[in-house]
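Data block below; observations after.
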Amino acid sequence: MRIGELAALTGVSVRALRYYEEQGLLDPWRGPNGRRQYPQDAVDRVRLIRRLYAAGLSSRTIRELLPRAANGEATPELLERLSAERRRLDGQIGDLVHARGELDEVITLATESRRTGRPCPRP
DNA sequence: TTTCTAACA
DNA sequence: TGTTAGGA
């Protein structure tokens, strides 16, 4: 498929797809017209890239991780880098869980206040 | 209309 | 990354 279709299917801008290629994350082949051609599974690949970027991984880490996402080969250095990312994500997840708990608390108090018609207790 | 490269706010 | 220029 061409870049426009991949962009529509993934919700990623055409510009971003070209950028991913520049970063070595995507490797489309060029048709005789010079236009980029992507395989069907590029859709999943782009979605994976988005998730990893969103999780805070660098393009370099993603680039080195992608070819090994399926099989189990990875250098000790990459493995250590990925473990560090994993630990970092664990920390973020912990923070998120905490933040969710605080929102839950406010929501609960506000809901209760509505039900009873009494103002929320001041913190 | 879509895509391409290159470069800049 | 968005945007813009200028060509295919």
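Numbers restart at 1 for each chain; the letters A, B, ... are given by sequence-line order, proteins then strands. In what follows, every heavy atom counts, from backbone to side chain, and hydrogens, waters and symmetry copies are set aside.
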Specify the closest pair of heavy atoms between [X] and [Y], including all atoms of both residues, with the distance to one decimal.
| X | Y | result |
| --- | --- | --- |
| Val12(A) | Val46(A) | CG2-CG1, 3.6 Å |
| Val14(A) | Ala7(A) | CG2-CB, 3.8 Å |
| Arg2(A) | Tyr38(A) | C-CD1, 4.1 Å |

Does anything in [range] come within less than 4.0 Å of DNA chain B? Heavy atoms only, and list the residues if so.
| range | result |
| --- | --- |
| residues 35-48 of chain A | Arg35(A), Arg36(A) |
| residues 50-62 of chain A | none |
| residues 13-29 of chain A | Arg15(A), Arg18(A) |

(request) Verify the neighbour count for atom CD of Gln40(A): are there more than 12 heavy atoms of other residues, nucleotides or ligands below 6.0 Å? (result)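 Counting neighbours around CD of Gln40(A), 12 or fewer heavy atoms of other residues, nucleotides or ligands fall under 6.0 Å, so no.
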(request) Show the numbers, then the answer: is there a side-chain hydrogen bond (donor to acceptor under 3.5 Å, both in side chains) between Arg50(A) and Tyr20(A)? (result) CA-CA 10 Å; Arg50(A) 292 292 299 199; Tyr20(A) 292 170; 3.3 Å; yes
(message) Can a donor-acceptor pair be found, under 3.5 Å and without considering hydrogens, that links the side chain of Thr10(A) to the backbone of Val43(A)?
(response)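 Checked: no pair found.
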(message) Suppose we screen for side chain to side chain contact (heavy atoms under 4.5 Å, CB included). Which residues come up paired with Ala84(A), at least two apart in sequence or across chains?
(response)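 Partners of Ala84(A) by the side chain to side chain contact (heavy atoms under 4.5 Å, CB included) criterion, ordered by chain and then number, come out as Glu80(A), Arg87(A).
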(request) Give, for atom CZ of Arg36(A) and atom CD of Glu21(A), the distance between the pair rounded to the nearest 0.5 Å. (result)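 Going from CZ on Arg36(A) over to CD on Glu21(A), the span is 4.5 Å.
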(request) Walk me through it: do Thr111(A) and Thr108(A) pass the test side-chain hydrogen bond (donor to acceptor under 3.5 Å, both in side chains)? (result) CA-CA 5 Å; Thr111(A) 302; Thr108(A) 298; over 6 Å; no
(request) For the pair Arg86(A) and Asp90(A), find out whether any cationic side-chain nitrogen is under 4.0 Å from an anionic carboxylate oxygen. (result)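 Yes, this pair counts.
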(request) Look at Glu5(A) together with Arg35(A) and state whether they make a salt bridge at an N to O cut-off of under 4.0 Å. (result)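 The answer is no: the pair does not qualify as a salt bridge.
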(request) Measure from CG on Asn33(A) to P on dC4(B) and round the result to the nearest Å. (result)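 From Asn33(A) CG to dC4(B) P: 9 Å.
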(message) Under the rule for salt bridge (Lys or Arg N to Asp or Glu O under 4.0 Å), what residues qualify as partners of Arg100(A), not counting sequence neighbours?
(response)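 Partners of Arg100(A) by the salt bridge (Lys or Arg N to Asp or Glu O under 4.0 Å) criterion come out as none, since no residue qualifies.
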(message) Under 3.5 Å for both pairing distances: what stems, at least three Watson-Crick or G-U pairs long, include DNA chain C?
(response)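 Listed by first number, the stems are B:4-8 with C:2-6.
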